[in-house]
Amino acid sequence: MKMLFKTLGQDERGATAVEYGLICSLIVIAMVAGLNNFSDTTINMWNQLANNVMENS
């Protein structure tokens, strides 16, 4: 039993998977933030276009 705990304590494969998971989650958070900013800009652009069409018609 002692040997099992020693072996599990020295195994670093799980730590690598956690690191990759954290990196992936940070990338996803950055993508969501960028998409949110992009969507706000796009919505404003279409609203301005609609207002211009309504004024000129």
For this session: Please identify each residue that fulfils side-chain contact (heavy atoms from CB on, under 4.5 Å) with T42, with sequence neighbours left out.
Result: F38, M45, W46
Problem set entry | N36 (side chain) donor-acceptor with V32 (main chain) under 3.5 angstrom | no
Identify all side-chain donor-acceptor contacts of residues 20-30 below 3.5 Å with residues at least two apart in sequence or on another chain.
unit_1 : atom_1 : unit_2 : atom_2 : d
S25    : OG     : G21    : O      : 3.3
S25    : OG     : L22    : O      : 2.8

Seminar exercise, completed: Residues passing the side-chain contact (heavy atoms from CB on, under 4.5 Å) test with I43, sequence neighbours excluded, are N47
